[in-house]
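Before any comments, here is the structure.
Computed from a predicted structure; not experimentally measured. All values below were derived from every heavy atom in this structure, side-chain atoms included, with hydrogens, water molecules and symmetry-related copies excluded.
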Amino acid sequence: DVRGELAGRLAAAQAAGVPKWDLIGDPGIGFAKTAPQSLALLRSLHRFGLSSASAAAAASDALDYPLLVGVSRKSFLGAAVGEELPPQERAWATAAACAASV
């Protein structure tokens, strides 16, 4: 479970003395994941970080850390649109994934 692993790493960093305000969670979209796994992770980002009070109400188990979502030109974006696009042609898919991450 990506969320559980991320929560554990963030807790370990704090336990090691890293101040919470210096931590940013990164679920690692696209790293060691298939395209369907990356898309599922993108759909479940509301469980990882809080961006507003309404998000807190919708996901009371969300992690309370800023979230970094690096989706730029990743290969799963080409798969999401049904084509194996070269990275330079994934700009619109990147924009959609970024918007979905907010």
Counterpart residues, side chain to side chain contact (heavy atoms under 4.5 Å, CB included), relative to A95 (two or more places apart):
none

Using 0.5 Å steps for rounding, measure from the CH2 atom of W92 to the CG atom of L77.
14.0 Å

Could you tell me whether the side chain of S38 and the main chain of G30 form a donor-acceptor pair under 3.5 Å?
yes

Ring of Y65, cation from K20 - is the NZ or CZ under 6.0 Å from the centre and inside 45° of the axis?
yes

Okay, side chain of R73, backbone of P87: is any donor-acceptor separation there less than 3.5 Å?
no

State the CZ-CG distance between R3 and L45, to the nearest 0.5 angstrom.
12.0 Å

Heavy-atom side-chain proximity of V2 to K33 below 4.5 angstrom
yes

From CA spacing to verdict: side chain to side chain contact (heavy atoms under 4.5 Å, CB included), F76, V71
CA-CA 9 Å; F76 84 93; V71 295; 4.2 Å; yes

Taking all atoms of both residues into account, what is the closest heavy-atom pair of R47 and D1, and its distance?
NH1-OD1, 4.4 Å

Least distance between heavy atoms, Q37 atom then A32 atom
OE1-O, 4.3 Å

According to a 4.5 Å side-chain heavy-atom criterion applied to Ile, Leu, Val, Met, Phe, Trp and Tyr, with indirect links allowed, do I24 and L42 form part of one hydrophobic cluster?
no

Set of salt bridge (Lys or Arg N to Asp or Glu O under 4.0 Å) partners for E5, sequence neighbours left out
R9

Correct closest heavy-atom pair for L68 and D26 would be O-OD1, 3.4 Å

Taking all non-hydrogen atoms of both residues, which atom of I29 and which atom of K74 are closest, and how far apart?
O-NZ, 2.8 Å

Where do A13 and L23 come nearest, in terms of heavy atoms and distance?
CB-CD2, 3.7 Å

Here the pair of heavy atoms bringing G25 nearest to L6 is CA-CD1, 4.0 Å

Out of curiosity, R90 CZ to S72 OG, how far, rounded to the nearest 0.5 Å?
10.0 Å

Is there a path of hydrophobic side-chain contacts, each under 4.5 Å between heavy atoms of I, L, V, M, F, W or Y residues, that connects L39 with L85?
no

